[in-house]
Amino acid sequence: MKKNKALTQIASLIILTSTVAGCARFQDRAKAQGEFNYQDVTLVDKFDNGDFSKTENRSNFEIPAITDEQNQVGLMGEDVDVRPPTQLMAVLDGVLLDSDLTQTKVWFNAFKQQRDTQLTVWDLALEYLASKNATSVNSDLDALTIETGPIVTERKYGSISTNTYHEEGAYKLQIAKGDDGRSVSLVVDVQSYEALNDGEEIKHILKGRAKRNIELRFINNMLQFAYLKQQSEALQAANNKPLPIKLGFDDNNQTTWIIDSEFIDVWNKLPSLLSLMSFKPVDNDKNLGYFLVRFVSQDDEYWSERNLNPIDLEEGEYFVQLGDLTGDDTSLTWLDSDKKPLSDQQVTQLYLSITDNVRSVILENDQKAKPL
């Protein structure tokens with residue numbers, strides 16, 4: 001169904017009502033299981049708009065008669081699957097779907113770590129099953145096979161009228177190394193499957209495209225789990241890295257800190273560094289890009305325990321002002337309580353108080369700040 005323009009007249013509301021009534025609801029689409037490749041059939045006459053203007057086009061299809069197999073499981077003539085086949089969600093680099101339609105197989109080709117790829121895929125499968133609270137997993141590392149036991153997934157669809165879609169399936173996984181010695185295949189074979197839509201059972205035929213769709217959905221869910229885990233680990237690694245700070249100059253040739261990170265990254269990480277330097281938070285404004293902090297003097301033991309050189313600064317409130325620079329760098333300007341810039345010497349001393357153990361930044365000769 002494709003809308004060409006907004007419906008603005010009262011007469012158009014009648015068309016809209018008719019259209020909504022004619023569209024398949026989720027619970028109707030969920031029941032559709034027939035092997036009907038709607039993209040390959042010839043369209044019949046377009047939707048008859050009657051005396052109203054043609055504000056939309058509708059595609060009607062010649063629906064083939066149901067097969068004996070479909071009839072045996074109780075499918076009706078209108079229970080035809082007009083949804084496109086499930087496609088592989090290749091969110092990980094190097095994951096490909098095998099062209100063999102007799103089984104559902106994906107290939108893993110691009111794990112960067114030096115570890116055995118077979119074991120990497122093996123651990124990924126077990127971690128995913130653990131995340132699904134699978135309790136009857138039967139795994140054989142020697143044969144590289146896993147029988148999952150029941151895997152339960154529930155999804156909710158709709159906003160005004162909500163459907164709860166409950167799936168429960170058991171799968172057999174087979175991992176094998178490819179002929180090239182580097183790639184690894186994963187074959188998923190669904191052993192049993194049932195689905196309920198708001199408690200009503202949906203009939204399924206575990207053959208052909210319907211079976212393959214279920215198996216591909218399992219693979220997609222596992223790949224999504226792996227992708228989110230990968231992103232979470234990358235974010236954690238980025239958060240654990242100290243800010244790459246060096247001394248430099250702003251547009252007014254004033255001594256400032258130059259941070260080789262985007263504003264949002266600096267904004268998130270800077271509070272922990274300021275706290276380490278004995279600056280206590282007072283106020284901040286992200287839109288204006290500043291932190292208001294209070295410096296508290298500490299003894300030599302405090303600085304030594306934190307791998308810092310002692311900071312010689314009067315106790316009181318200071319502003320830390322952030323600004324965007326070209327090349328995604330961020331400037332950090334130190335100001336006193338009256339928002340007057342600290343002297344070049346004070347800014348430099350604050351920078352030198354952060355030892356290399358804290359900064360962990362190795363600057364090439366051409367990146368070092370100009371001598372003062």
Side-chain angles (χ1 to χ4, degrees), residues 91 159 224 227-298 302-303 306-363 367-370 372:
V91 291
S159 53
Q224 182 187 37
Y227 174 76
L228 293 176
K229 180 173 180 288
Q230 184 183 77
Q231 294 298 103
S232 176
E233 290 174 350
L235 180 61
Q236 184 63 42
N239 288 337
N240 289 337
K241 290 182 180 179
L243 289 171
I245 304 171
K246 60 184 177 182
L247 274 179
F249 302 93
D250 61 14
D251 294 339
N252 297 319
N253 203 37
Q254 177 179 312
T255 303
T256 187
W257 289 11
I258 306 298
I259 306 176
D260 186 17
S261 292
E262 294 182 355
F263 173 90
I264 188 62
D265 188 39
V266 176
W267 180 267
N268 291 331
K269 293 182 180 180
L270 189 59
S272 61
L273 175 60
L274 293 174
S275 176
L276 186 70
M277 297 172 66
S278 194
F279 288 96
K280 309 304 180 183
V282 177
D283 191 18
N284 67 75
D285 190 317
K286 190 174 183 180
N287 291 327
L288 298 178
Y290 75 79
F291 291 95
L292 177 60
V293 293
R294 173 177 291 277
F295 178 70
V296 179
S297 297
Q298 303 291 346
Y302 176 93
W303 303 117
R306 289 159 179 77
N307 274 321
L308 292 171
N309 291 323
I311 295 179
D312 183 17
L313 195 66
E314 289 187 5
E315 288 193 338
E317 292 186 349
Y318 295 86
F319 285 92
V320 178
Q321 181 69 54
L322 303 182
D324 289 320
L325 298 176
T326 57
D328 295 329
D329 287 350
T330 302
S331 65
L332 189 157
T333 304
W334 291 90
L335 309 170
D336 64 18
S337 58
D338 295 324
K339 294 190 176 181
K340 294 181 180 179
L342 299 188
S343 68
D344 290 351
Q345 182 179 359
Q346 288 175 309
V347 175
T348 302
Q349 288 176 342
L350 284 170
Y351 173 78
L352 294 177
S353 70
I354 310 173
T355 63
D356 288 338
N357 288 335
V358 176
R359 276 200 312 269
S360 296
V361 176
I362 300 176
L363 300 177
Q367 293 178 315
K368 289 183 178 179
K370 300 177 183 179
L372 298 177

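One-based numbering along the sequence shown.
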Asks: Would the number of heavy atoms belonging to other residues, nucleotides or ligands and lying under 6.0 Å from OH of Y227 be above 12?
Replies: no
Asks: Is any side-chain heavy atom of Y290 closer than 4.5 Å to a side-chain heavy atom of L335?
Replies: no
Asks: Is any side-chain heavy atom of L273 closer than 4.5 Å to one of K269?
Replies: no
Asks: Nearest 0.5 Å, please: how far is CG in L274 from CZ in F295?
Replies: 11.5 Å
Asks: Does the side chain of Q349 reach to within under 4.5 Å of the side chain of I311, using non-hydrogen atoms?
Replies: no
Asks: Any side-chain heavy atom of L247 within less than 4.5 Å of one from T255?
Replies: yes
Asks: Looking only at heavy atoms, what is the nearest atom pair of Q298 and S278, with distance?
Replies: NE2-OG, 2.9 Å
Asks: Between K339 and T333, is any pair of side-chain heavy atoms under 4.5 Å apart?
Replies: no
Asks: If you measure from CG on D344 to CD on Q254, what distance do you get to the nearest 0.5 Å?
Replies: 7.0 Å
Asks: Could you tell me whether the side chain of Q321 and the main chain of L288 form a donor-acceptor pair under 3.5 Å?
Replies: yes
Asks: Closer than 3.5 angstrom, by distance alone: can the side chain of T330 be matched with the main-chain N or O of F263 as a donor-acceptor pair?
Replies: yes
Asks: Starting at OG of S331, measure out to CD1 of I259 and round the result to the nearest 0.5 Å.
Replies: 8.5 Å
Asks: Please report the shortest heavy-atom distance between Y318 and L313, naming the atom on each side.
Replies: OH-CG, 3.4 Å
Asks: Hey, which of D329, L325, V266 is the one that makes side-chain contact (heavy atoms from CB on, under 4.5 Å) with D260?
Replies: D329
Asks: Once you round to the nearest 0.5 Å, how far does CD of E262 lie from CG of D328?
Replies: 4.5 Å
Asks: Rounded to the nearest 0.5 Å, what separation is found between the CZ atom of F291 and the NZ atom of K286?
Replies: 9.0 Å
Asks: Would you find more than 12 non-hydrogen atoms of other residues, nucleotides or ligands less than 6.0 Å from D312 atom CG?
Replies: no
Asks: Of the non-hydrogen atoms in V293 and P281, which two are nearest, and what is the gap between them?
Replies: CG1-CA, 4.3 Å
Asks: So which heavy atom on L308 is nearest to which on I354, and how close?
Replies: CD2-CA, 4.0 Å
Asks: Heavy atoms only: give me the nearest F319-S337 pair and the separation to one decimal.
Replies: CE1-O, 3.6 Å
Asks: Please confirm whether the backbone N or O of L350 pairs with a side-chain atom of S353, one donor and one acceptor, at under 3.5 Å?
Replies: yes
Asks: Sub-3.5 Å donor-acceptor pair from the side chain of D338 to the main-chain atoms of K340, do we have one?
Replies: no
Asks: Are Q346 and W334 side-chain neighbours, meaning at least one heavy-atom pair lies under 4.5 Å?
Replies: no
Asks: So, do L332 and I245 sit near enough that their side-chain heavy atoms are less than 4.5 Å apart?
Replies: no
Asks: Looking at every heavy atom in both S297 and E315, which two are closest together, and how far apart are they?
Replies: N-OE2, 2.8 Å
